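Beneath this line is the structure, given in structure tokens, with notes to follow.
Predicted model only: the values in this text are computed from it and were never measured. Chain letters run A, B, ... following the sequence lines, proteins first and then strands; every chain starts at 1.
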Amino acid sequence: MKQTYIKEISRHLGQEITIKGWLYNKRSSGKLGFLEIRDGSGLIQGVVSKKDVSEQTWENTEKVTQESSITVIGIPREHPKHPGVYELDISDLTVHQLAQDYPITPKEHGVEYLMDHRHLWLRSRRQHAILKVRHEIIKAVRDFFDDDGFTLCDTPIFTPAACEGTTNLFEVQYFDEKAYLTQSGQLYNEATAAAFGKVYCFGPTFRAEKSKTRRHLTEFWMVEPEVAYAKLDDIMDLAEKFIGHIVGRVLENRKEELIILERDTALLEKAMPPFPRLQYDDAVKMLQQAHTEGKVENLFELGGDFGSPDETYISSQYDKPVMVHRYPAAVKAFYMEPDPQRPDLALCVDVLAPEGYGEIIGGGERASSLELLLDRIKEHELPEEAFDWYLDLRKYGSVPHAGFGMGIERCVSWVCGLEHVRETIPFPRMLNRLKP
RNA sequence: UCCUCAGUAGCUCAAUGGUAGAGCAUUCGGCUGUUAACCGAAGGGUUGUAGGUUCGAGUCCUACCUGAGGAGCCA
């Protein structure tokens with residue numbers, strides 16, 4: 001018989017259907033068995049009554065174990081006690097493979113154990129919900145740009161040199177020479193933007209930083225739009241519209257998942273444009289004020305980059321994402337365009353997510369002058385020959401242009417209200433985690 | 001790299017320096033409306049590793065290993 005997916009069960013009430021899936025959990029009460037069945041699309045409770053089924057099916061009901069693969073035939077109907085909840089009256093149960101001692105039991109487990117069993121942990125309700133939200137966010141990202149005239153131009157993962165120089169890169173052998181895994185598609189995006197006008201790239205990014213925090217992965221996915229002729233204000237408008245679109249889509253299409261995750265959606269509903277915009281200088285004043293009032297420990301020095309506690313304090317002052325712009329050029333990457341009014345400041349922006357989730361977007365206007373870039377490359381002690389193609393972009397029709405990058409995992413973590421980004425990607429790569 | 005915390009049954013955790021226990025999982029038995037079902041029984045241990053202190057160490061000390069959280073750095 002044709003397979004029916006659990007999420008479509010309401011269309012088959014009273015009809016005999018076949019569900020193919022796995023046993024999520026089992027309870028029993030004498031000659032009555034309750035089987036929680038999952039098939040990837042959803043979860044449903046099946047009921048087996050000894051007096052109504054064959055001896056074989058009853059025997060299978062008694063012996064079937066957690067996560068055994070099964071096929072059941074039955075008739076869906078409403079739950080007698082819970083209106084709106086569906087249940088399956090099972091008439092036949094066959095077991096494909098009997099799972100023995102499934103490692104993830106219905107009781108709680110530690111982080112290390114769950115991470116060691118990530119390949120199985122993905123089957124649990126909560127992980128399923130998170131990855132469904134991830135999928136929704138990625139789809140929303142693509143739709144947002146595709147519907148706004150952007151062209152997807154993916155950038156390479158093997159790169160010959162550092163994009164930004166400062167952070168640690170993963171080095172790999174590339175035939176007879178050394179190559180590095182990309183830490184940003186940024187520079188290549190500038191080339192494709194000059195060809196297509198509005199572009200984005202979306203792919204994995206690698207950072208060999210020895211960071212062990214709830215916000216870090218060594219391999220994460222980043223989406224980076226780049227727009228020719230765009231200025232800082234244009235890119236800030238784009239960023240807030242973009243985040244509003246993502247959050248809106250998740251609220252609209254992933255209600256059930258947000259309930260499973262116990263996410264306070266009232267907080268998400270506030271994350272709609274316009275977002276507050278704060279100059280770096282004013283953010284520093286805010287931090288210094290907070291210090292004199294005893295609300296933050298460290299006295300922040302003007303000119304430095306914000307640390308994680310600083311970002312947390314700034315974002316805690318708002319109930320929606322906040323855009324901090326015009327940081328000192330000295331603390332930012334070499335390719336940032338200086339503010340014509342204040343050349344010591346870079347025309348850049350960081351978007352800080354609410355609830356202490358920190359920076360989810362970083363971006364800004366790129367330097368369009370060849371002379372300035374040559375100076376900056378020298379200042380940062382970067383190898384000029386590695387950037388010859390990049391400098392060509394300033395020789396042949398250079399224009400003002402801007403873009404930003406958003407880390408998908410940090411965004412998913414915030415939208416889901418998670419404690420750690422490691423749950424936002426199927427197989428996270430971290431400082432101490434390369435397996436499974 | 002630095003700081004803090006942790007490591008005991010398959011899993012999650014107890015155990016004042018004095019005979020290593022419970023819940024879940026597993027196996028067996030009971031229950032016709034269960035929801036991390038419940039009730040009864042059984043099996044299950046080189047307390048991360050190596051030293052040390054002590055009559056006696058899971059517990060105290062030292063080193064190392066592994067993990068977690070944080071700092072720095074970042075999305």
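- In terms of phosphate contacts, A/Lys212 brings no side-chain nitrogen or oxygen within less than 4.0 Å of OP1 or OP2 of B/rC73.
- Between A/Leu251 and A/Glu269, the closest side-chain pair of non-hydrogen atoms falls below 4.5 Å.
- For the pair A/Tyr102 and B/rA25, the ring geometry does not qualify as stacking, because the centroid separation below 5.5 Å and plane angle under 30° are not jointly satisfied.
- Here the side chain of A/Leu217 is nearest to one of B/rG33, B/rU32, B/rA75, namely B/rA75.
- Of the residues A/Arg326, A/Lys332, A/Lys231, the one that meets the salt bridge (Lys or Arg N to Asp or Glu O under 4.0 Å) test with A/Glu365 is A/Lys231.
- Close to B/rA71, at under 4.0 Å from its OP1 or OP2, lies a side-chain N or O of A/Arg215.
- Contact check of residues 85-101 of chain A against RNA chain B (heavy atom, cut-off under 4.0 Å) returns A/Glu87, A/Asp101.
- For CD of A/Gln279, the number of neighbouring non-hydrogen atoms (other residues, nucleotides, ligands) closer than 6.0 Å is greater than 12.
- Residues of residues 413-429 of chain A having a heavy atom closer than 4.0 Å to RNA chain B, listed by number: A/His420, A/Arg422.
- Among the protein residues, A/Asp305 comes within range of the sugar-phosphate backbone only, with heavy atoms under 4.0 Å from sugar or phosphate atoms but none that close to a base.
- Of the two residues near RNA chain B, A/Glu409 and A/Asp310, the one whose nearest nucleotide lies more 5' is A/Asp310.
- At a cut-off of 3.5 angstrom, the base of B/rC11 holds no donor-acceptor pair with the side chain of A/His109.
- Atom CZ in A/Phe170 sits roughly 13 Å away from atom C1' in B/rC74 (whole-Å rounding).
- When the side-chain nitrogen and oxygen atoms of A/Lys210 are compared with OP1 and OP2 of B/rC73, none of them lie within a distance under 4.0 Å.
- The base of B/rC74 sits within donor-acceptor range of the side chain of A/Arg410, with an N or O pair under 3.5 Å.
- Taking the ring centroids of A/Phe275 and A/Tyr318, they lie at or beyond the 6.0 Å cut-off.
- Residue A/Asn25 places no side-chain N or O under 4.0 Å from the OP1 or OP2 atom of B/rA36.
- Regarding contacts with the backbone of B/rC74, every side-chain N or O of A/Ser308 stays at 4.0 angstrom or more from both OP1 and OP2.
- Side-chain proximity of A/Phe34 to B/rA75, B/rA71, B/rG33: nearest is B/rG33.
- Relative ring orientation between A/His82 and A/His79 is described as tilted, the plane-to-plane angle lying within the 30° to 60° band.
- Donor-acceptor pairing under 3.5 Å, judged by distance alone, is present between the side chain of A/Ser211 and the base of B/rG72.
- Just one of A/Glu257, A/Glu262, A/Glu36 meets the salt bridge (Lys or Arg N to Asp or Glu O under 4.0 Å) condition when paired with A/Arg125; it is A/Glu36.
- Residue A/Pro103 is classed as having no contact, given no heavy-atom separation below 4.0 Å to the nucleic acid.
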Inset, instruction - Could you please spell out the steps behind the ring-ring contact (aromatic ring centres under 6.0 Å, His included) verdict for A/Phe145 and A/Phe202? - result: CA-CA 11 Å; A/Phe145 291 122; A/Phe202 182 36; 9.4 Å; no
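- Using a 3.5 Å distance cut-off with no hydrogens or angles, the side chains of A/Asn253 and A/Glu136 do pair a donor with an acceptor.
- Using atom C1' as the reference point in both B/rU59 and B/rU19, the two lie 16 Å apart (nearest Å).
- Among the protein residues, A/Lys50 comes within range of no part of the nucleic acid, since none of its heavy atoms lies under 4.0 Å from any strand.
- Comparing B/rC31 with B/rA22, their C1' atoms sit 25 Å apart, to the nearest whole Å.
- Only the P atoms considered, B/rU49 is 15 Å distant from B/rA57, to the nearest whole Å.
- For the 3.5 Å distance criterion, the side chains of A/Asp146 and A/Tyr200 qualify, holding a donor opposite an acceptor.
- Counting to the nearest Å, the C1' atom of B/rG10 and the CD atom of A/Glu112 are 14 Å from each other.
- Comparing atom distances between the A/Ser28 side chain and each of B/rG70, B/rC31, B/rA68 picks out B/rC31 as nearest.
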